[in-house]
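What follows is one structure encoded as structure tokens, with my remarks underneath.
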Amino acid sequence: MTTYLAGKTVLVTAAGQGIGRASALAFAAAGARVYATDINEQALAALEGTANITPGKLDVLDTAGVEAYIKSIDAVDVLFNCAGVVHSGSVLEMSDNDLDFAFDLNLRAMVRTIRAILPGMLERGDGAIINMSSIASSSKGVPNRCAYGVTKAAVIGLTKSIAADYVARGIRCNAICPGTVESPSLEGRMRAQGNYNEARAAFIARQPMGRLGTAEEIADLAVYLAGATYTTGQAYGIDGGWSI
Ligand code: NAD
């Protein structure tokens with residue numbers, strides 16, 4: 001595995017914790033040079049000094065900041081758009097602002113990084129884009145996840161659109177659709193529900209494998225997709241059997 005991505009340069013968004021962090025470490029372990037970015041510099045500090053990883057502050061909501069950062073680094077061969085936010089609530093509990101924010105962070109942020117990176121990939125005739133969606137999307141309706149499901153479905157639409165436009169020009173674009181995965185933000189959602197043990201049991205109960213996924217299991221799929229040369233436009237479920 002240490003040479004699977006040798007010679008490749010990877011940019012990961014939201015690499016400060018959770019799936020993004022595990023993926024930055026997995027890309028580096030697979031031989032890539034990794035720009036691990038996040039809005040949270042404190043979280044990134046833990047990656048300082050890791051071989052093959054350059055941490056960098058990047059707010060994916062800031063168009064000018066995204067453009068400037070990407071101009072300041074080496075050409076990116078693999079882009080992993082991992083940043084995203086969960087909004088809890090049904091359509092009646094979701095404000096316009098909630099929906100706008102979810103679109104901005106879950107979808108438009110991907111458009112920002114892709115607009116900045118894709119032209120260089122096209123010049124070189126080679127590039128892999130991986131977008132973080134979710135099983136809560138067009139794959140599956142999940143209660144209490146309206147803004148989240150809507151925007152994660154849009155991520156699959158964006159993924160297929162890019163795949164279709166550039167399939168003959170060396171660009172591959174795929175989406176990852178996890179089920180419920182252990183991460184700091186999931187911990188926060190479980191604590192926010194009041195009874196932590198009950199909330200945790202409920203999240204586990206919806207996973208037919210009887211456990212939550214790990215960030216490392218999702219990272220393995222991201223690494224695979226970075227180097228998988230005969231797949232594009234696909235939404236890869238990795239969900240412990242939730243969508244069987
Ligand atoms: P997380 O939610 O615990 O961490 C998210 C990271 O995003 C944090 O480090 C945060 O600082 C960063 N971030 C927030 N706003 C940012 C911004 N504007 N610019 C840059 N970085 C920003 O991580 P997670 O739970 O592993 O989720 C990562 C992705 O995976 C998200 O897109 C999420 O929707 C998706 N996902 C997670 C699960 C799950 O169960 N954990 C399931 C399906 C999909």
Side-chain angles (χ1 to χ4, degrees), residues 11-26 35-47 55-66 69-70 79-88 100-113 116 130-140 142 144-145 147-156 158-159 175-192 199-200 202-204 206-207 209 211-222 235-240 242-243:
L11 172 67
V12 184
T13 69
Q17 65 183 37
I19 297 167
R21 181 178 198 276
S23 300
L25 291 167
Y35 292 104
T37 70
D38 200 286
I39 195 173
N40 183 342
E41 280 182 295
Q42 222 178 329
L44 286 177
L47 289 171
K57 185 180 179 189
L58 182 63
D59 176 359
V60 291
L61 297 176
D62 171 8
T63 304
V66 167
Y69 179 79
I70 286 162
L79 167 62
F80 182 23
N81 281 315
C82 188
V85 64
V86 176
H87 176 266
S88 299
D100 285 347
F101 186 73
F103 264 115
D104 207 7
L105 186 50
N106 293 355
L107 185 80
R108 281 196 202 96
M110 295 184 176
V111 174
R112 286 183 190 100
T113 54
I130 304 158
N131 294 327
M132 179 54 87
S133 178
S134 171
I135 278 295
S137 61
S138 47
S139 304
K140 186 172 171 65
V142 172
N144 214 31
R145 289 285 182 272
Y148 188 70
V150 166
T151 54
K152 291 296 191 182
V155 169
I156 295 175
L158 174 70
T159 300
I176 296 181
C177 302
T180 317
V181 179
E182 290 275 10
S183 75
S185 72
L186 180 70
E187 279 291 307
R189 285 192 290 284
M190 293 191 292
R191 292 196 189 286
R200 189 175 178 84
F203 275 116
I204 291 172
R206 67 186 195 181
Q207 299 300 136
M209 285 188 186
R211 66 172 178 88
L212 303 178
T214 69
E216 288 72 22
E217 286 171 315
I218 313 303
D220 283 347
L221 177 57
Y236 282 83
I238 175 162
D239 65 355
W242 197 7
S243 60

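Whatever order the structure lists them in is the order used to number ligands and atoms, beginning at 1. Remember, it's a predicted structure, so these values are computed and weren't measured experimentally.
At least one heavy atom of D38 sits less than 4.0 Å from an atom of ligand 1. Using a 4.0 angstrom heavy-atom cutoff, A83 counts as in contact with ligand 1. The closest approach between A136 and ligand 1 stays at or above 4.0 Å for every heavy atom of the residue. Under the 4.0 angstrom criterion for non-hydrogen atoms, C82 is in contact with ligand 1. Residue contacts with ligand 1 include L58, since one or more of its heavy atoms lies under 4.0 Å from the ligand. Note on ligand 1: R21 sits outside its first shell, no heavy atom being nearer than 4.0 Å. A heavy-atom separation below 4.0 Å is not found between G20 and ligand 1. Within the structure, the closest approach of G179 to ligand 1 falls below 4.0 Å when heavy atoms are considered.
For ligand 1, the polar-atom distance check against K152 finds a nitrogen or oxygen pair separated by under 3.5 Å. For L186, no nitrogen or oxygen atom sits less than 3.5 Å from a nitrogen or oxygen atom of ligand 1, counting backbone and side chain alike. For ligand 1, the polar-atom distance check finds an N/O of D59 within less than 3.5 Å of one of the ligand's N/O atoms. Ligand 1 has an N or O atom lying under 3.5 Å from an N or O atom of V60, backbone or side chain. Residue-to-ligand polar distances keep L105 apart from ligand 1: every N/O pair is separated by 3.5 Å or more. Among the atoms of G18, none of the N or O lies under 3.5 angstrom from an N or O of ligand 1.
Interface atoms of ligand 1 facing G84, defined by a heavy-atom separation under 4.0 Å, are 31 (C), 32 (O).
Closest protein heavy atom to atom 33 (C) of ligand 1: Y148 OH, 3.7 Å. In terms of protein heavy-atom proximity, atom 4 (O) of ligand 1 is closest to Q17 NE2, 3.2 Å. If you check which protein heavy atom lies closest to atom 13 (N) of ligand 1, you get I39 CG2, 3.8 Å. Atom 2 (O) of ligand 1 has S185 OG, 2.7 Å as its closest protein atom, hydrogens excluded (heavy atom only).
Contacts between A109 and ligand 1, counted as non-hydrogen atom pairs separated by less than 4.0 Å, are absent for every part of the residue.
Applying the salt bridge (Lys or Arg N to Asp or Glu O under 4.0 Å) rule to D104 yields the partners R112; only residues at least two apart in sequence or on another chain are considered. Looking at residues two or more places apart in sequence or on another chain, you find no salt bridge (Lys or Arg N to Asp or Glu O under 4.0 Å) involving R189.
Contact annotation: the side chain of M132 approaches that of P178 to within less than 4.5 Å [non-hydrogen atoms, C-beta and beyond].
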